[in-house]
There are 2 protein chains.
Amino acid sequence: MATHPDDPSAQIADITQILRQHDISPTKQRVEIAQMLLSRKQHLSAEQVLEEVNKRGAKVSKATIYNTLGLFARKGLIKELVVDPSKVFYDSNVSDHYHFYNVDTGELMDIEMTELNVSRLPSLPPGTRAEGVDVIIKIRNN
Amino acid sequence: MATHPDDPSAQIADITQILRQHDISPTKQRVEIAQMLLSRKQHLSAEQVLEEVNKRGAKVSKATIYNTLGLFARKGLIKELVVDPSKVFYDSNVSDHYHFYNVDTGELMDIEMTELNVSRLPSLPPGTRAEGVDVIIKIRNN
DNA sequence: CTGCTTGCAAAGGCTTTGCAGAACA
DNA sequence: TGTTCTGCAAAGCCTTTGCAAGCAG
């Protein structure tokens with residue numbers, strides 16, 4: 001049970017833990033995908049997730065990538081970010097934050113909540129509850 | 001003095017005027033589409049625009065609908081609203097405002113700027129300018 | 001006339017699905 | 001052993017495109 005920080009098995013154990021906490025049974029592919037995604041804050045498309053995961057030696061099919069990303073998002077492990085039709089990104093940063101989206105480059109950047117304030121929220125329509133607030137500031141190169 | 005796009009009394013002459021002001025040459029199909037769209041504040045998908053326009057007796061092809069909506073949005077006559085992959089709406093209300101999106105029903109509702117405040121906007125990344133701020137509050141039925 | 005627009009159908013990109021085999025409890 | 005998951009390929013959905021005919025200026 002040597003828990004060296006770099007011990008890959010320790011990381012896997014953590015990931016497994018996290019998945020279980022989110023009510024996701026930790027299969028090999030899911031652990032692989034989660035490990036890659038959660039290694040740092042990032043915004044990746046399904047295509048990019050596929051590339052990254054397979055770059056690490058794992059071989060996960062496209063169908064499983066889509067299924068898994070959808071599952072992770074529903075379970076709150078990651079956030080789904082829709083910036084454009086057919087430009088869906090998966091955000092491993094689940095803390096409350098907003099985004100810059102550069103429409104010229106397709107680049108996405110985080111805006112921390114301390115930097116932007118959404119206030120005077122209107123009351124919700126009756127019979128509904130808030131699911132989340134998406135703020136995307138579209139920018140473009142000069 | 002041309003009629004404001006939001007004015008429900010906008011007639012064909014006005015529509016032609018408005019299109020010209022937006023640097024859009026007023027063809028029959030474009031006038032037809034603009035007239036329907038600008039008759040009131042609304043959020044419609046391309047499919048719905050097609051239906052509505054053709055319901056009025058005009059016969060506009062799907063390709064032209066897509067081309068025209070894209071053109072209108074680029075020219076600032078309407079706003080493109082992306083709430084979900086493959087859920088793109090075109091908003092005839094071009095004034096600054098935000099939205100509720102009911103993920104259960106697919107319904108979109110306006111939030112006027114007086115009801116919500118986005119403040120403390122962070123400085124933009126160097127070399128960029130703001131294109132617009134999209135705020136979508138996702139809600140769901142209880 | 002000359003270039004822009006339209007419409008049709010085909011092509012395209014991304015995502016979902018059906019189903020058989022594999023993995024897991 | 002029963003259920004869940006995976007992977008492949010096919011299907012699906014929405015949108016764009018190629019190109020010939022039509023229209024505007």
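Heavy atoms only: backbone and side chains are in, while hydrogens, waters and symmetry mates are out. In this text the structure is predicted, and so the values were computed from the model without any measurement. Reminder, nothing fancy here: chain letters follow the sequence lines and each chain counts from 1.
Taking the salt bridge (charged side-chain N to carboxylate O under 4.0 Å, His left out) definition, one finds that B:Lys55 meets it with B:Glu52, sequence neighbours left out. By the salt bridge (charged side-chain N to carboxylate O under 4.0 Å, His left out) test, B:Asp23 is found to be paired with B:Lys75, residues two or more places apart in sequence or in another chain being considered. Partners of A:Gln48 according to the side-chain hydrogen bond (donor to acceptor under 3.5 Å, both in side chains) rule, which considers only residues two or more places apart in sequence or in another chain, are A:Ser45. Qualifying side-chain hydrogen bond (donor to acceptor under 3.5 Å, both in side chains) partners for A:Glu80, counting only residues two or more places apart in sequence or in other chains: A:Tyr90. Qualifying side-chain hydrogen bond (donor to acceptor under 3.5 Å, both in side chains) partners for A:Glu131, counting only residues two or more places apart in sequence or in other chains: B:Arg140. With sequence neighbours excluded, no residue forms a side-chain hydrogen bond (donor to acceptor under 3.5 Å, both in side chains) with B:Lys28. With sequence neighbours left out, A:Asp91 forms a salt bridge (charged side-chain N to carboxylate O under 4.0 Å, His left out) with no residue at all.
Distance, B:Arg30 CZ to C:dT5 C1': 7 Å, rounded to whole Å. Summarising the geometry, the separation between CG on A:Leu19 and P on C:dC24 is reported as 14 Å, rounded to the nearest angstrom. One atom, CG of B:Leu69, and another, P of D:dC14, lie 15 Å apart when rounded to the nearest Å. Rounded to an integer number of Å, the gap from CD1 of A:Ile24 to C1' of D:dC5 is 14 Å. B:Asn54 has its CG atom 12 Å from the C1' atom of C:dG7, to the nearest Å. Atom-to-atom, CG of A:Leu50 to C1' of C:dG13 comes out at 15 Å; the value is rounded to the nearest Å. Atom P of nucleotide C:dT5 and atom CG of B:Leu71 are separated by 8 Å, given to the nearest angstrom. As rounded to whole Å, 13 Å separates atom P of C:dC4 from atom NZ of B:Lys75.
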**OP:** Begin from the C-alpha positions of B:Lys87 and B:Val82 and carry the test side-chain contact (heavy atoms from CB on, under 4.5 Å) through to its verdict.
**Re:** CA-CA 6 Å; B:Lys87 282 250 165 81; B:Val82 183; over 6 Å; no
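A donor-acceptor contact shorter than 3.5 Å is absent between the side chain of A:Asp110 and the backbone of A:Glu112.
Residue pairs meeting the ring-ring contact (aromatic ring centres under 6.0 Å, His included) criterion with at least one member in residues 34-62 of chain B, sequence neighbours excluded: B:His43-B:His99.
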Heteroatom pairs (N/O) under 3.5 angstrom, protein to nucleotides 23-25 of chain D:
none

Pairs under 3.5 angstrom, nitrogen or oxygen only, protein versus nucleotides 14-20 of chain C, please.
residue, atom, partner, partner atom, Å
C:dT15, OP2, A:Tyr66, OH, 2.1
C:dT15, O5', A:Tyr66, OH, 3.4

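Summarising the hydrophobic clusters (Ile, Leu, Val, Met, Phe, Trp, Tyr; side-chain heavy atoms under 4.5 Å, direct or chained), the residues clustered with A:Tyr101 are A:Leu81, A:Val83, A:Phe89, A:Val103, A:Leu108, A:Ile136.
The shortest distance between the side-chain N/O atoms of A:Thr64 and the OP1/OP2 oxygens of D:dG7 is below 4.0 Å. Within the 4.0 Å cut-off from OP1 or OP2 of C:dA23, not a single side-chain nitrogen or oxygen of A:Gln29 is found.
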Subject >> Dot-bracket encoding of pairs in DNA chain C, which uses [ ] for pseudoknotted crossings and | for another strand, Watson-Crick or G-U under 3.5 angstrom >> reply: |||||||||||||||||||||||||
